[in-house]
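Here the structure comes first, spelled out in structure tokens, and everything after it is commentary.
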Number of protein chains: 2
Amino acid sequence: MKHGPGFLRRLLEHLEASPLRMTRKRERLLGVLAAADQAISAAVLRDRAGLPPSDLVTVYRTLEAFERVGILQRIPLEESGHLFELTEPHDHHHHFVCRECHRTERLDLCLGKELEARARKLGFTEVRHVMEVYGFCEACRPVPASVD
Amino acid sequence: MKHGPGFLRRLLEHLEASPLRMTRKRERLLGVLAAADQAISAAVLRDRAGLPPSDLVTVYRTLEAFERVGILQRIPLEESGHLFELTEPHDHHHHFVCRECHRTERLDLCLGKELEARARKLGFTEVRHVMEVYGFCEACRPVPASVD
DNA sequence: ATGAGTGCAAATAGTTTGCAAGCTG
DNA sequence: CAGCTTGCAAACTATTTGCACTCAT
């Protein structure tokens with residue numbers, strides 16, 4: 001399993017303490033996100049939640065809300081678009097992302113402290129950082145062109 | 001100055017050796033990019049080059065070409081869009097980016113080697129990585145809301 | 001003279017917004 | 001019952017593509 005025990009419960013508590021209202025749809029989306037063992041796109045999230053195409057708007061608004069209260073991380077893709085993933089409240093981490101199938105592997109390494117310190121020295125405040133690694137996973141590795 | 005001496009000359013040599021054709025427009029765009037002491041957006045590049053609005057297409061195609069031959073780096077913004085910056089051939093680096101005015105400061109720190117090694121262990125190949133730090137620069141720092 | 005580069009118009013992907021109606025705390 | 005949330009339609013931004021024309025090598 002991807003998240004430790006009590007993960008979903010902690011998120012629910014966190015949401016309870018937040019100004020967000022818990023609706024059936026949000027519960028549904030939260031459940032799908034919690035069940036995912038990978039970061040997923042907004043469209044995939046909508047499909048897995050069994051929502052009609054038009055509900056993509058609600059999905060985005062929900063994702064924005066979850067991100068705002070600090071339980072969701074947005075992972076930028078190389079070309080365009082994002083993947084989304086629940087995190088422990090106010091946690092965050094980095095990833096290896098396959099640029100073909102969008103499989104993600106968590107990267108256990110973060111320069112947050114170091115970057116924060118350097119940013120402060122330069123006068124930057126309210127600092128956030130992004131670090132993602134893109135490549136081809138084993139399954140998607142392109143066949144090397146034969147040299148003939 | 002932002003780039004070392006002979007920077008533009010090295011780029012021109014590199015371009016010469018590349019399959020790219022050097023046109024007046026590309027020279028112009030290269031010049032503007034080389035003169036910039038900041039990473040800039042495609043639209044700003046077009047404007048500084050004195051090109052009409054419709055030429056944004058050419059700007060994008062030129063940027064893509066420069067990136068392909070390894071003299072240009074694309075810096076993703078936090079919300080959407082990118083900034084572009086010339087680099088020594090096949091070099092790359094990371095940045096602090098003001099999320100208000102898009103001022104960039106170079107970040108002298110790169111985990112390329114480490115990430116490459118870890119990616120290989122996970123079966124990822126043809127790895128590229130992105131690391132950017134977003135915040136408010138001194139000039140753009142928002143006034144703290146008065147607590148009343 | 002061949003194929004890379006350009007210009008115009010139009011398409012695209014992903015995401016956001018306005019507004020009226022519905023539901024939660 | 002105030003106001004957060006939703007639904008639908010439409011807008012939007014940054015970027016890409018098709019095609020005919022031009023120009024660099």
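Labels below follow one simple rule: chain letters A, B, ... track the order of the sequence lines, proteins then strands, and each chain is numbered from 1.
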_Given DNA chain D, 5'-ward residue of the pair A:P52 and A:R68, judged by closest heavy atom_ = A:R68

*Could a donor-acceptor pair under 3.5 angstrom be found where the side chain of B:R24 meets the base of C:dG5?*
no

*Please give, in whole Å, the distance from C:dT17 C1' to A:L56 CG?*
14 Å

*For C:dT15, does either OP1 or OP2 sit under 4.0 Å from a side-chain N or O belonging to A:H82?*
yes

*A:E27 CD to D:dT5 P: how many Å, rounded?*
13 Å

*Which listed nucleotide (C:dT24, D:dT17, C:dG5) is nearest to the side chain of B:R21?*
C:dG5

*For D:dC23, does OP1 or OP2 lie under 4.0 Å from any side-chain N or O of B:K25?*
no

*Which sits closer to the 5' end of DNA chain C, B:M22 or B:S54, going by the nucleotide each is nearest to?*
B:M22

*Atom-to-atom span, NE2 of A:H102 to P of C:dG14 - whole angstrom*: 9 Å

*Without swapping roles, check the side chain of A:R26 against the backbone of A:R21 for a donor-acceptor pair under 3.5 Å.*
yes

*Using the six-membered ring wherever Trp is involved, compare the ring planes of A:H95 and A:H93 and label them parallel, tilted or perpendicular (cut-offs 30° and 60°).*
perpendicular

*Looking at C:dG5, C:dT6, D:dT6, which one has an atom nearest to any side-chain atom of A:T58?*
D:dT6

*When the distance from CG of B:L29 to C1' of C:dG5 is rounded to whole Å, what number comes out?*
12 Å

_5′-ward residue of the pair B:R61/B:P19 relative to DNA chain C_ = B:P19

*Are B:T23 and D:dC23 close enough that a side-chain N or O sits under 4.0 Å from OP1 or OP2?*
no

*How about B:H92 and B:H94: are their ring centres within less than 6.0 Å of each other?*
yes

*Ion pair check, A:R103 and A:E105, cut-off under 4.0 Å*: yes

*Candidate nucleotides D:dT6, D:dG3, D:dA14, ranked by approach to the side chain of A:R26 - the nearest*: D:dT6

_Between P on C:dT6 and CG on B:L20, what's the gap in Å once rounded to a whole number?_
10 Å

*Rounded to the nearest angstrom, tell me the gap between atom CD in A:E16 and atom P in C:dT24.*
14 Å

_Tell me the interatomic distance from B:R46, atom CZ, to D:dT13, atom P, rounded to whole angstroms._
13 Å

*Among D:dT25, C:dC23, C:dT15, which is the nearest nucleotide to the side chain of A:Y60?*
C:dT15

_In this structure, how many angstroms lie between the P atom of C:dG14 and the CD atom of B:E79, rounded?_
17 Å

_Just to verify, which of A:E78, A:E132, A:E79 counts as forming a salt bridge (charged side-chain N to carboxylate O under 4.0 Å, His left out) with A:R99?_
A:E78

